[in-house]
Amino acid sequence: MERWVSESPEQPDRISEAEHAVMEALWQRSPLTAQEVCEEVCGLRGWSLATVKTLLSRLVAKQAVETEPDGKRFLYSPRIERIAYVGAESRRLVDRLFGGRAAPLFAHLAQSEQLTEDDIAEIEALLKELKS
């Protein structure tokens with residue numbers, strides 16, 4: 001099975017917030033049936049099985065999810081690794097809102113008091129590692 005692991009011309013279309021909830025269920029455990037995905041997300045979101053099936057169909061069309069027949073049902077698995085998705089979305093955010101530079105993002109978070117002491121310590125450790 002080919003998996004999308006980095007940003008490339010072959011990457012799937014953008015994933016909506018609703019589709020992302022389905023992807024999170026599949027990243028936690030897969031393969032899953034549509035019913036099993038619904039058991040993970042429907043109660044929290046007030047969705048029906050039909051909604052989940054629609055979202056899964058969209059994700060298959062976007063090549064973010066693949067299917068495997070299992071009798072009369074299908075098993076769904078992610079084609080996108082979570083870390084690659086997070087990386088690509090982070091890059092898009094920084095590009096779109098901060099001109100491609102991470103420093104203004106951190107400055108914004110620091111100024112709006114969105115960084116905890118633990119966050120700052122982690123960032124400092126990462127910066128030290130990058131400098132080495």
Side-chain angles (χ1 to χ4, degrees):
M1 153 180 39
E2 274 186 57
R3 288 193 186 267
W4 178 74
V5 293
S6 65
E7 200 161 359
S8 72
E10 301 162 8
Q11 76 179 345
D13 293 336
R14 300 279 314 267
I15 295 172
S16 71
E17 183 181 337
E19 293 163 346
H20 182 257
V22 170
M23 290 300 296
E24 285 292 347
L26 292 171
W27 283 321
Q28 288 178 21
R29 183 172 56 98
S30 64
L32 294 175
T33 65
Q35 178 63 45
E36 290 168 330
V37 172
C38 188
E39 289 168 8
E40 295 292 324
V41 299
C42 287
L44 297 171
R45 300 235 174 198
W47 292 345
S48 67
L49 179 58
T51 300
V52 168
K53 286 182 176 182
T54 297
L55 292 169
L56 285 166
S57 293
R58 288 181 190 166
L59 289 165
V60 168
K62 292 178 179 185
Q63 298 181 10
V65 169
E66 63 186 5
T67 63
E68 179 184 334
D70 183 44
K72 293 184 179 184
R73 62 189 187 166
F74 287 95
L75 297 174
Y76 297 89
S77 298
R79 292 190 70 218
I80 302 170
E81 293 182 13
R82 189 177 191 286
I83 193 163
Y85 172 77
V86 169
E89 285 300 301
S90 298
R91 179 83 262 157
R92 284 184 183 123
L93 173 75
V94 170
D95 288 347
R96 190 175 72 243
L97 298 180
F98 299 98
R101 297 186 52 236
L105 168 63
F106 289 111
H108 171 76
L109 292 172
Q111 290 170 353
S112 63
E113 300 177 23
Q114 296 297 314
L115 295 177
T116 66
E117 290 297 323
D118 289 341
D119 291 333
I120 293 168
E122 283 184 51
I123 292 166
E124 288 173 340
L126 287 169
L127 290 173
K128 282 183 184 177
E129 188 177 311
L130 289 172
K131 286 182 178 181
S132 303

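Connection of Tyr76 to Trp47 is established within a shared hydrophobic cluster, with ILVMFWY side chains joined at heavy-atom distances below 4.5 Å, either directly or through further cluster members. Grouping the Ile, Leu, Val, Met, Phe, Trp and Tyr side chains by contacts below 4.5 angstrom, directly or via other members, places Val37 with Val60. Cluster membership check: Leu49 does not share its hydrophobic cluster with Val41, using side-chain heavy-atom separations under 4.5 Å among Ile, Leu, Val, Met, Phe, Trp and Tyr.
Using a 4.0 Å cut-off between a side-chain N of Lys or Arg and a carboxylate O of Asp or Glu, Arg14 and Glu89 qualify as a salt bridge. Ion pairing between Arg92 and Asp95 fails under the 4.0 Å rule for side-chain N and carboxylate O.
Put simply, CZ on Arg79 and OG on Ser30 are 13.0 Å apart, with the number rounded to the nearest 0.5 Å. A distance of 5.5 Å separates CZ of Arg29 from CD of Glu36, quoted to the nearest 0.5 Å. To the nearest 0.5 Å, the span separating CD on Gln28 from CZ on Arg82 amounts to 9.0 Å. Remark: Leu109 CG to Ile120 CD1 distance equals 10.5 Å, nearest 0.5 Å. With rounding to the nearest 0.5 Å, the separation of CG in Leu56 from CZ in Phe74 is 11.5 Å. Interatomic distance, His20 NE2 to Leu59 CG, rounded to the nearest 0.5 Å: 10.5 Å.
Within 6.0 Å of CZ on Arg45 lie more than 12 heavy atoms contributed by other residues, nucleotides or ligands.
Across all non-hydrogen atoms, the minimal contact from Ala25 to Glu40 is CB-CB, 3.9 Å. Taking both residues in full, the closest heavy atoms of Cys38 and Ser48 are given as SG-C, 4.1 Å, listed atom of the first, atom of the second, then distance. A pairwise comparison of heavy atoms in Arg91 and Gly100 identifies NH2-O, 2.9 Å as the closest pair. Minimum heavy-atom separation, Ala64 to Met23: O-CE, 3.8 Å. Here the closest heavy-atom approach between residue Leu55 and residue Glu19 is recorded as CD2-CG, 3.9 Å.
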### Query
Would Thr33 and Leu75 count as a side chain to side chain contact (heavy atoms under 4.5 Å, CB included) if you check the C-alpha gap in whole Å, the side-chain angles of each, and the deciding distance to 0.1 Å?
CA-CA 5 Å; Thr33 65; Leu75 297 174; 3.6 Å; yes
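Using cut-offs of 30° and 60° on the angle between ring planes, the pair Tyr85 and Trp27 is tilted.
For the residue pair Thr54/Thr51, the side-chain donor-acceptor check at 3.5 Å is not satisfied.
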